[in-house]
Number of protein chains: 2
Amino acid sequence: MPTVKDVASRAHVSPGTVSNVLTGKRPVAPATRERVLQVIEELGYHPNILARSLINRRSDTIAVVASGLEYFGPSQAVTGIEREADRHGYSVILELIPWLDRGQTNRALAMLAGRQVDGIIWAVPEISDNRDWLNDEDFDRLPPIVFMSMAPRPGIYAVAAGNRHGAWLATQHLIERGRTRIGHITGPADWWEAQERRAGWEEALAEAGLPCEESQVFVGDWYASSGEIGLNELLRRHRDLDAVFAGNDQMALGVLRAAHLAGRRVPQDLAVAGFDNLHESAYFWPPLTTVNQDLKAVGGEAVRRLNSLIEARLAGEPAPALEVNSHRPEVRARGGVVGLARPRA
Amino acid sequence: MPTVKDVASRAHVSPGTVSNVLTGKRPVAPATRERVLQVIEELGYHPNILARSLINRRSDTIAVVASGLEYFGPSQAVTGIEREADRHGYSVILELIPWLDRGQTNRALAMLAGRQVDGIIWAVPEISDNRDWLNDEDFDRLPPIVFMSMAPRPGIYAVAAGNRHGAWLATQHLIERGRTRIGHITGPADWWEAQERRAGWEEALAEAGLPCEESQVFVGDWYASSGEIGLNELLRRHRDLDAVFAGNDQMALGVLRAAHLAGRRVPQDLAVAGFDNLHESAYFWPPLTTVNQDLKAVGGEAVRRLNSLIEARLAGEPAPALEVNSHRPEVRARGGVVGLARPRA
DNA sequence: TTGTAAGCGTTATCAC
DNA sequence: GTGATAACGCTTACAA
C-alpha cells in the first residue's frame, strides 16, 4: 500500500505538501497540486485514516450498540442512524450484544473506548436492570453517549419514540369507535417500552372512565404466539371483550389468528389495534390498525444529538442542554376497526 | 485520556513493559505485571487500538456494505455477519448504500480502504448492472472481498443462499400436492435473486412436464401490493390457476389478500407458497407455506471465508480455493397447502 | 509556497 | 525480565 512518502517522492514534493493537497488546509500551487493529484491517481493511494485520527484525536467514527437487529424496531433504528451518521461524515461501528448481559456491556464499552469512537448510540432497549451500570460508570472516561428506548434520567441523553402517547392514541382510537371493554396484551413486563405502552392504554381508559383492571391484561413476549394465547385467555376472562390493543403488531397478528379460530369477526365482534406498523400489517387479514413510529427518524435524531455532544466536548464547551424529544407516533387506521374512514396520518 | 506512558511512569516501568503486560507476547514478572494491571485499573486506561493497528498493519475490522437493512433479508444477513465477526475478534463497520449507485460504490470502497479494514463483505444484492465495477477494479489494491447474493464469477468469492433450489423445492411441494396450474409472481426482473427463484420454478415445472409459459408469470416488486395485483392479473389470464409461488413472503401476503377478496379459498381453491420465512408468515391467514433460508448462517459463512482470505493474504499465501457454498434452503410447510402434515425441516 | 522535523500512541528490536 | 529507541503513516509548526 502506497503512503504519503511514496506519493511525495514520485511527485517531487514533500510529504507535507501532499497532506496539504489532501486536506486543503494550506494553499498549494495549482501546478504542484495537479501533479500530486495525478500521482495519487496513478498509485491508487488512499490516505490512512487511522494515522490521521491519531493526530486529529478524532476518528470520525461512532458506534451503535444494539440488540435484536433481526427484528423490525432495531433494524429501522440502525438504518436511520447509519444514514444520518453518513450525512455527518461518521463511519458507523455496529456492535450487537445480548439484551441482558452485564459482562458484554462492559466489554463493549471498553472495546469502543479503545477504538477511539467519537461517540456511542446505545440502542439496546431498557429491560429489567440492564441500565444499572450507568450508576457506577464514569462518563468522563467515555465518549459521549446517547441512549435510545430508555426511561429518562437526569444527566443522561436519551431519545425515544412516544411509546406511551402512541399506546394512548391506539386505545383512544378504539374508544372513539365505541368500544368499552378493551383488553391489552403487553410485551414482557420488564421491558420499559412494554411498560410505557401499557401506561398509555391505562391512561386512555381512565380518561374515558372505562374499566381498567388487571384481568384485562395479558403479559406476552412480543411474539405472535403469545398474542394468540393471550386473546384466548382474555376471552375466557371476559366474554364481553370487544377490543384488544396489542403491544406490537406481531402479537396483534396472533390475536387475529385466535379471533378467526374462535369465530369472532374482526372488527365487527372484536376490534384489534397493534403497535409498530410493520411493513406487512396493512396486508394482514383484516388489515391491521396500528401505531406508526418513525424509528428511522428517531435514530437520525439520536445521531444529531450525539454529534452536538461530540462537537461540544471537542470545543471544551459544556454539553448542550437536554431538550424534550419530539417524535410523535401516529395511528395508522385500517379496516381493523369498525366505521373507520381513512388514515389519520 | 491516559496513555501507555502515563501507566508506565505511574507503575515505575517502561512503556514497553506495559505493552508486554497487555499483549502477553513477552514474559513479565508476576509482581510488575500485577502492579501495571492495578495502575491500568486506577487510571481507567484503554489502549489506543488505532495506534496499535498502525504498527500491526491490521485493524481487526471488517466492513459490511449493505442495502435495505430495514428489510428482512439484509437484517438477517448483517446479524449473522456481526455475530461471526465478533467471534473472530473483528469489529464491524456498517456502510449502507443505495442499491444502484456507482458513485456511492466507489466512494464506499475508497473510504473503507482508507480506514484500513482487513476485509469487506459486499452484501448489496446484484441488480441490473450494479456489479459492472468489478471489471475495472484492481483487487490487489483493495482488501479481500466476499460477496453475497450475486451470480458466481471466476475469481470472485461469493456466498449465497440456494435461491434456485429453494424455489424448486417450493414449486415441487405444490406439484406433489397435485397442483398443475402453477403461477409465479417474481421480484423485479433485474434482481439476480428474482431470476434465480424464477429459474427454480421453471425447472420444477419442466421436470414435472407441467405448463410453464410467460403468461403464468407476473413481475412484482417484492412488496405485498404487487402480490395482490399480480394474483388478480394471473387469475384473469388463467381461470384454472390452482397454485401460486410468490418470490417472497410479502408478495405471498398480497396474494392471500387478493384470494380472499376474490372469494378463492386458500388452500382448497388456490395453494400459495412464499419465500423467506418471515417471522410472521406462520401466523398469516392461513399460515403460509414458505421457504426458509438461514441467512444468518450465510452471513456467518461469508465471515469465515473472508477471514481465511485475510489470513492467507497476511501470510503471503495464495488465496484459498473457492468451494461450492452449501447453504440449503428448506420448505416450511404450513396450512397454506392442501393435505400437508407437518414441516419438513 | 514548500521543506524539515517533531509527535500522535502503540509495538518491536535490540541491548543489558 | 526490563528499558531505550525506532518505527507505523500522517499532520503541523516552524523555517526557508
A/Tyr71 and A/Trp99 aromatic ring geometry - parallel, tilted or perpendicular at 30°/60° bounds: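 The rings of A/Trp99 and A/Tyr71 lie parallel, inter-plane angle below 30°.
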
With a sphere of 6.0 Å drawn around [atom1] of [X], does it hold more than 12 non-hydrogen atoms of other residues, nucleotides or ligands?
X        : atom1 : value
B/Gln38  : CD    : no
B/Arg313 : CZ    : yes
B/Arg26  : CZ    : no

What's [X] touching, base or sugar-phosphate or nothing? Going by heavy atoms closer than 4.0 Å.
X       : value
A/Lys5  : nothing
B/Thr32 : sugar-phosphate
A/Arg26 : nothing
A/Thr23 : sugar-phosphate

Rounded interatomic separation in angstrom, taking [atom1] from [X] and [atom2] from [N]:
X       : N      : atom1 : atom2 : answer
B/Arg35 : D/dT2  : CZ    : C1'   : 11 Å
A/Leu50 : D/dA7  : CG    : P     : 21 Å
A/Ile40 : D/dC10 : CD1   : P     : 10 Å
A/Asn56 : D/dG9  : CG    : C1'   : 12 Å
A/Asn48 : D/dC8  : CG    : P     : 12 Å
B/Leu43 : C/dG9  : CG    : P     : 14 Å
B/Lys25 : C/dT13 : NZ    : C1'   : 13 Å
A/Arg57 : C/dT10 : CZ    : P     : 11 Å

Report yes if a side-chain nitrogen or oxygen of B/Arg52 is closer than 4.0 Å to either non-bridging phosphate oxygen (OP1 or OP2) of D/dC8; otherwise report no.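 No, because none of the side-chain N or O atoms of B/Arg52 sits under 4.0 Å from OP1 or OP2 of D/dC8.
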
Less than 4.0 angstrom between a side-chain N/O of B/Ser19 and OP1 or OP2 of C/dT11, yes or no?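 Indeed, a polar side-chain atom of B/Ser19 lies that close.
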
Let me see the working for B/Asp136 and B/Arg102 under salt bridge (charged side-chain N to carboxylate O under 4.0 Å, His left out), right down to the final yes or no. CA-CA 12 Å; B/Asp136 36 61; B/Arg102 176 58 188 262; 3.2 Å; yes

Where do N or O atoms of nucleotides 3-6 of chain D meet protein N or O atoms at under 3.5 Å, pair by pair?
{"from": "D/dG3", "atom 1": "OP2", "to": "B/Ser14", "atom 2": "N", "distance (Å)": "2.8"}
{"from": "D/dG3", "atom 1": "OP2", "to": "B/Ser14", "atom 2": "OG", "distance (Å)": "3.3"}
{"from": "D/dG3", "atom 1": "OP2", "to": "B/Thr17", "atom 2": "OG1", "distance (Å)": "2.8"}

Looking at every heavy atom in both A/Ser14 and A/Ala8, which two are closest together, and how far apart are they?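 The pair with the smallest heavy-atom distance is C-CB, 3.7 Å.
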
Closest non-hydrogen atom pair between A/Gly119 and A/Leu306, with its separation: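 Looking at all heavy atoms of both residues, the closest pair is C-CD2, 3.8 Å.
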
Selection residues 75-101 of chain B - residue pairs positive for salt bridge (Lys or Arg N to Asp or Glu O under 4.0 Å), sequence neighbours left out: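 Listed once each, the pairs are B/Glu84-B/Arg87, B/Glu84-B/Arg304.
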
Taking the minimum atom-to-atom distance to the side chain of B/Val4, which one of C/dT1, D/dG9, C/dT10 wins?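 Looking only at side-chain atoms, B/Val4 lies closest to C/dT10.
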
A/Val28, nearest nucleotide to its side chain (from C/dT10, D/dC10, C/dT2):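 Of the candidates, C/dT2 comes closest.
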
Report the residue (B/Leu54 or B/Pro30) whose heavy-atom-nearest nucleotide on DNA chain D is the more 5′ of the two.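 First, find each residue's nearest nucleotide; the 5'-ward one identifies B/Pro30.
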
Toward the 5' end of DNA chain D, by each residue's nearest nucleotide, A/Leu22 or B/Ala29: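 Its nearest nucleotide lies further toward 5', so the answer is B/Ala29.
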
